[in-house]
Every structure is written in C-alpha cells, then in structure tokens.
Amino acid sequence: MAANGLGLGNLGLDWIGNGLTRLTDEAERLLNETTLRVAITGLSRSGKTVFITSLIANMLAMGRGRDTLPALSRMMREGGEERRIRSVRLEPAGTQALDWFDAADKLRDLAGASPHWPPRTSDLASASLTLTVERGGTFGTWLPPRRVRLELLDYPGEWLLDLPLLDQGHAEWSAATLDLLRRPPRAAIAGDFLHFLNSLDANAPAEEAVARRGFMLYREMLTAARDRLGLRWLQPGRFLVPGPKGDSPMMWFFPLPGQGSPSPGSLRELLARRFDAYRDDMRESYFDPWFARFDRQVVLVDALGALCAGEGAFEDARHAVEQIARAYDARSRSRWLPGFSTLKRVAFVASKADYAPDVQRPAFEDLFRAMVGGGDGGRMVNHLAVSALRCTEEGETRPGEPPVVYGVPMGEQRRRPFRPGHIPSVPPPPGDPFWRRPYFELPVFRPPVIDPDGREGMPQIGMDRLLAWLLEDAL
C-alpha cells in the first residue's frame with residue numbers, strides 16, 4: 001500500500017510539474033513572441049514567387065550578419081537603440097494543410113546552370129520565418145531577446161480580383177462585364193463569345209452543353225485578354241487559376257444579360273445559381289478563413305509593363321488596383337469578414353523597378369502612387385517601387401541621350417540595352433499624345449549570377465525599404 005501511495009504521489013508531482021512547465025512556457029511565449037501574418041499576392045506577371053523567395057533569402061542572410069537589407073538595419077538602430085536581428089530561422093514544413101513554399105527550390109531555379117524563372121502560383125502556400133530580435137532601451141540587456149514569427153501566405157493574385165464579387169449577383173456582374181467586353185481593348189478579342197451570346201435565348205430551358213460551351217468561350221477570351229493584351233482585370237479569377245478543385249461544375253457559368261428574376265429552369269437561372277455557388281465557395285473556402293487572419297498585405301503590380309503595353313492595358317491595371325483597394329476598404333467593416341479589420345498595413349508594390357534607370361525611379365514610384373490613388377479607410381497604406389531580384393545594371397549615356405539599363409535577355413549570352421522611354425510622374429489622361437508611342441512588351445531578362453544556397457541573399461532594389469515599413473511597429 002505504501003508503495004502504491006508513493007507511486008501515486010510521484011505521479012501527482014509529475015503532473016503538477018508538467019503543468020507548471022507548460023504554464024511557464026506559455027507565459028514566456030506571450031511575453032517574448034510576436035506573430036505577424038503577412039499575405040502576399042500580385043496581379044498577373046508581377047513576379048510574386050520571386051518576391052517571396054527574395055524576402056526569405058535576404059532575411060536569412062541578414063540573420064547571418066550580411067547587410068542585405070540596409071534600410072531595415074537602419075530602422076532597427078533609430079533613436080540611438082542598438083537593436084539588431086540576431087538570427088533568422090526558416091521553420092520546417094511541419095503538419096500544415098497548405099502547400100509549403102519551398103524557397104530553396106525556387107532559389108535553385110534562379111541560380112542553376114540554366115537559370116530560369118519559377119512557375120507562377122496556382123494555389124495557397126505558406127512558409128514561416130522566426131526572427132530573434134535584441135531588445136532596445138535601458139533594460140534591454142537584462143531581458144531575453146524577442147522572437148518575431150513571420151507567417152507568409154502566398155496566393156494567386158487572380159483570386160484577389162474576386163473579392164468585389166462577394167457583394168454582387170449574377171445580373172449585376174453580367175451587366176458590368178458585358179459593358180467592358182463591348183469596348184476597347186476587349187472588343188478586339190471578344191467577338192466569338194459575343195457572337196455566341198447573341199444566339200442565345202436567356203429564358204430558354206437550361207442545357208448543360210450550352211452552359212459549358214459559354215464557359216469555355218468566356219475563359220478563352222479571358223486567357224487572350226491576359227496573354228495577348230496584357231490586361232489584369234479578369235473575373236472570375238479561378239477561371240484562369242482554378243486551384244486544387246479544378247473546373248468544377250459550379251464554374252460553368254458566364255455573363256448573360258437579363259432583367260428581373262430569371263425564369264425557373266431557364267439558362268439564366270442556372271448560370272445565376274452557379275455564380276452564387278462560386279461566390280459562396282470563394283467566401284467560405286478562401287476569404288473567410290484566410291483574410292480574417294492577415295496582419296499585413298502586399299499586393300504586387302507590374303505597373304511598368306502595363307504602361308508600356310499601352311493605354312488600354314494601363315487603364316485596365318489601374319481599374320483592377322482601384323477595385324482591390326476599394327474592396328479592402330469596404331470589407332474592413334463587413335459583417336461577412338469581421339476579422340478583416342485586423343489588417344494593420346497594406347503595401348501596394350510596383351515590381352520590376354530594375355527596368356527603370358535610377359534617375360527615372362522616383363517618377364516611376366510617383367506614377368504608381370497616382371495610379372493606385374484613393375483613401376485607405378483609416379488603415380496605413382504605402383506605395384513603393386521594388387525589384388525583388390535585380391537583373392539589370394545602370395548604363396552610361398552621353399548628354400542628351402535617354403537613360404538606359406543593361407540586361408541579358410533569356411536565351412542569350414550578351415547584355416543588351418533597354419530604354420523604357422519617358423516615364424511620367426502622373427498617368428497621362430485618355431487620348432494624350434503619350435499613348436501614341438509604339439507599344440511593346442518588356443523584355444524578360446535572365447536572372448543574375450547568385451549563390452544557389454542564398455548565403456549572400458539576392459540583389460534587390462527597395463525590398464529593404466518595404467520590409468522596414470511593413471515590420472516597423474513589430475520590430
């Protein structure tokens with residue numbers, strides 16, 4: 001009996017000891033650990049995958065003592081404080097349900113014997129960094145360092161364009177979409193779809209073959225708008241990037257004109273039901289569970305590519321960014337997404353700043369700020385021009401010659417000059433002579449020679465300024 005009593009006593013002491021250990025660990029975590037959830041997305045061709053790879057590589061190199069992000073280092077020393085990031089650790093994949101963003105694999109793509117750009121994002125993915133940060137102030141040396149955990153969420157920018165759909169019905173969306181299709185530049189590629197639409201009776205009985213045919217024609221038109229015209233305002237986003245669910249039947253809809261309530265069993269009624277199912281699925285599977293968790297949001301835009309593609313592409317990109325900014329503002333107080341208001345900082349980022357010569361980058365950033373425009377509903381919003389991986393070098397020019405940068409086009413071995421031409425500091429108005437210059441696509445330059453292990457980080461422009469602003473209140 002005594003032995004049994006002693007055993008039970010030891011068990012009780014162990015239980016109490018384990019409980020105290022857990023309480024102590026939890027108290028230490030609450031005092032010394034901060035978690036920031038940063039969502040990163042971008043409109044088509046904005047370089048989001050490379051951006052996230054650069055963020056991770058440069059933070060890891062900074063944790064090893066490399067000065068890869070000088071503006072972030074300066075921010076840490078402001079006010080006479082001698083704070084610094086002591087170490088940075090990339091957390092292992094663990095048991096998360098999402099895909100893991102494999103930055104090392106992306107870095108190998110960029111730094112291999114035949115360097116190439118990683119494929120675009122097609123689903124949600126995440127990665128986490130843990131920063132060990134020295135404390136500042138009088139008592140900083142007496143306290144243990146803080147841990148700041150950065151949880152990075154990568155998701156297709158095409159999906160973000162569906163955020164405004166959450167407050168629309170099929171009829172409203174159809175009217176706005178068809179108005180766009182009948183005007184330049186979309187009118188040049190929408191002929192087949194509009195011809196099909198004109199042959200339909202919206203109140204005729206629903207036929208699956210007709211619904212599927214309309215969906216496929218509409219999706220082909222969206223693909224051409226992206227690939228041939230460089231347009232960005234392309235809804236629904238999952239028509240172009242379906243994600244793991246693929247082309248499920250709820251996606252077999254398209255814009256169809258009509259007034260009032262659709263007739264039961266009609267084609268319009270079927271399309272409206274599928275639109276509602278798609279909208280509700282985006283809300284329940286994506287926006288509700290993920291947007292409510294974000295602390296910071298980064299939205300990348302290829303503003304220079306849109307500018308060079310001409311008036312139609314630029315205005316389309318501006319419309320897309322404006323709609324996203326309005327949706328953020330409107331939904332910050334929405335009953336559907338009560339946690340959306342946890343967003344503390346939103347950065348709209350113009351990518352490919354290395355394509356603009358140094359003397360033109362201030363104008364490029366001003367152009368982008370004017371392009372995004374609008375209020376922020378009380379949140380902190382910033383607009384910056386960034387190159388996550390610098391692929392060009394400044395070129396010398398004679399007096400009177402336009403500024404130039406040099407880069408090696410993909411598939412070639414020799415540097416070539418690139419002159420983006422005049423970059424205005426404000427968007428030229430419709431019909432301005434600026435838009436009569438020849439349209440062209442930005443060249444695709446080869447990645448520079450970088451360490452495949454990322455020990456020295458990745459050459460960048462503006463990433464340090466962006467991260468200093470994005471993380472300022474936490475660091």
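The basis for the numbers below is simple: all heavy atoms, side chains too, and nothing from hydrogens, waters or symmetry mates.
Look at Asp473 and Arg296 and you find a salt bridge, because one of the NZ, NE, NH1 or NH2 atoms lies within 4.0 Å of a carboxylate O, short of that distance. Residues Arg108 and Asp105 are paired through a salt bridge, judged by an N-O separation under 4.0 Å between the basic side chain and the carboxylate. Taking 4.0 Å as the cut-off between side-chain N and carboxylate O, Glu134 and Arg146 do not count as a salt-bridged pair. For the pair Asp162 and Arg238, the salt-bridge criterion is not met [side-chain N within less than 4.0 Å of a carboxylate O]. A salt bridge does not link Glu284 to Arg279: none of the charged nitrogens lies less than 4.0 Å from a carboxylate oxygen. With salt bridges taken as basic N to acidic carboxylate O contacts below 4.0 Å, one links Arg416 and Glu412.
Of the residues listed (Lys48, Lys352, Arg226), the one engaging Asp302 in a salt bridge (Lys or Arg N to Asp or Glu O under 4.0 Å) is Lys352, and it is the only one. Under the salt bridge (Lys or Arg N to Asp or Glu O under 4.0 Å) test applied with Glu472, the options Arg465, Arg345, Arg74 reduce to a single match, Arg345. Of the candidates Val405, Val404, Ile461, Val405 is the only one forming a side-chain contact (heavy atoms from CB on, under 4.5 Å) with Thr392.
Using a distance-only test at 3.5 Å, with no hydrogens or angles considered, a donor-acceptor pair links the side chain of Thr68 to the main chain of Asn58. No donor-acceptor pair closer than 3.5 Å links the side chain of Ser54 to the backbone N or O of Phe51. Looking at Arg361, its side chain never comes within 3.5 Å of a backbone N or O of Ala385 through a donor-acceptor pair. Under a 3.5 Å cut-off, the side chain of His383 and the backbone N or O of Val381 do not form any donor-acceptor pair. When atom types are taken as modelled, the side chain of Glu158 and the backbone of Phe239 share no donor-acceptor pair closer than 3.5 angstrom. Although no hydrogens or angles enter the test, the distance criterion places a donor-acceptor pair under 3.5 Å between the side chain of Trp117 and the main chain of Phe445. Checking side-chain atoms of Trp159 against main-chain N and O of Gly243 turns up no donor-acceptor pair under 3.5 Å. Between the Asp295 side chain and the Arg37 main chain, a donor and an acceptor come within less than 3.5 Å of each other. The main-chain N or O of Asp358 is found under 3.5 Å from a side-chain atom of Glu394 such that the two form a donor-acceptor pair. Without hydrogens or angle criteria, Gln297 side chain to Ala39 main chain gives a donor-acceptor distance under 3.5 Å.
Contact detail for Pro409 and Arg414: the closest heavy-atom pair is CD-O, 3.7 Å. Ala303 approaches Phe368 most closely through the heavy-atom pair CB-CD1, 3.7 Å. Counting all heavy atoms, side chain and backbone alike, Pro118 lies closest to Val50 at CD-CG2, 3.9 Å. Scanning both residues, Leu307 and Pro424, for their nearest heavy atoms gives CD2-CD, 4.2 Å. Residue Ala320 comes nearest to Leu161 through the heavy atom pair CB-CD2, 4.2 Å, listed as atom of the first residue, atom of the second, then distance. Taking each heavy atom of Leu60 and Leu90 in turn, the nearest pair found is CD2-N, 3.8 Å.
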(request) Verify side chain to side chain contact (heavy atoms under 4.5 Å, CB included) between Leu166 and Phe287, making sure each step is shown before the conclusion. (result) CA-CA 9 Å; Leu166 301 191; Phe287 291 113; 3.8 Å; yes
(request) List the steps and the verdict of side chain to side chain contact (heavy atoms under 4.5 Å, CB included) for Val349 and Leu466. (result) CA-CA 9 Å; Val349 176; Leu466 170 62; 4.0 Å; yes
(message) Go through it in stages, so that I can follow the logic: the residues are Val298 and Thr41, the test is side chain to side chain contact (heavy atoms under 4.5 Å, CB included), and I'd like the CA-CA distance, side-chain angles, deciding distance and then a yes or no.
(response) CA-CA 6 Å; Val298 176; Thr41 193; over 6 Å; no
(request) With side chain to side chain contact (heavy atoms under 4.5 Å, CB included) as the test, would you mind laying out the steps for Thr223 and Arg228 before giving the verdict? (result) CA-CA 8 Å; Thr223 302; Arg228 289 167 48 192; over 6 Å; no
(message) With salt bridge (charged side-chain N to carboxylate O under 4.0 Å, His left out) as the criterion, how do Arg436 and Glu311 come out once you've worked through the C-alpha distance, each side chain's angles and the decisive distance to 0.1 Å?
(response) CA-CA 9 Å; Arg436 291 201 286 270; Glu311 183 176 2; over 6 Å; no
(request) Assess whether salt bridge (charged side-chain N to carboxylate O under 4.0 Å, His left out) is satisfied between Arg183 and Asp179, documenting all intermediate values. (result) CA-CA 7 Å; Arg183 292 189 281 115; Asp179 180 59; 3.0 Å; yes
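Taking the six-membered ring where the residue is Trp, Trp173 and Tyr218 present perpendicular rings, their angle passing 60° and hence far from 30°.
Judged by distance alone, the side chains of Asp281 and Ser285 do bring a donor and an acceptor atom under 3.5 Å apart. Counted by atom type alone, Ser425 and Asp366 present zero donor-acceptor pairs between their side chains at under 3.5 Å. Using a 3.5 Å distance cut-off with no hydrogens or angles, the side chains of Ser87 and Thr132 do pair a donor with an acceptor. Judged purely by distance below 3.5 Å, without hydrogens or angles, the side chains of Glu91 and Thr130 pair a donor atom with an acceptor atom. A donor-acceptor pair shorter than 3.5 Å cannot be found between the side chains of Tyr155 and Asp123.
Remark: Glu322 CD to Glu315 CD distance equals 8.5 Å, nearest 0.5 Å. From Arg149, atom CZ reaches atom OG of Ser128 across 4.0 Å, with rounding to the nearest 0.5 Å. Rounding to the nearest 0.5 Å gives a distance of 9.5 Å between CG of Asn382 and CG of Leu470. Taken to the nearest 0.5 Å, the CG atom of Leu180 stands 9.0 Å off from the CH2 atom of Trp233. To the nearest 0.5 Å, atom CZ of residue Arg369 and atom CZ of residue Phe348 are 13.0 Å apart. Atom OG in Ser248 sits 9.5 Å away from atom OH in Tyr278 (nearest 0.5 Å).
Counting heavy-atom neighbours within 6.0 Å of Met250 CE, excluding the residue itself, gives a total above 12. In Asp192, the CG atom is not crowded: 12 or fewer heavy atoms of neighbouring residues, nucleotides or ligands sit closer than 6.0 Å. Arg419 CZ: more than 12 foreign heavy atoms inside a 6.0 Å radius. Within 6.0 Å of atom CZ in Arg437, more than 12 heavy atoms from other residues, nucleotides or ligands are found, so the atom counts as buried in its surroundings. Within a 6.0 Å radius of CD in Glu441, other residues, nucleotides and ligands contribute 12 heavy atoms or fewer.
Looking only at side-chain heavy atoms (C-beta outward), Glu151 and Val38 stay at 4.5 Å or farther from each other. In this structure, Leu231 and Leu222 have side chains that are not in contact, with every pair of non-hydrogen atoms separated by 4.5 Å or more. The shortest side-chain heavy-atom distance between Leu389 and Pro448 falls under the 4.5 Å cut-off. Counting heavy atoms from C-beta outward, Met251 and Pro236 have side chains that stay 4.5 Å or more apart.
Two rings, from Trp435 and Phe314, have their centers less than 6.0 Å apart. Aromatic pair Tyr355/Phe418: ring centres closer than 6.0 Å.
Cation-pi geometry between Arg274 and Phe253 is not met at under 6.0 angstrom from the ring centre and within 45 degrees of the axis.
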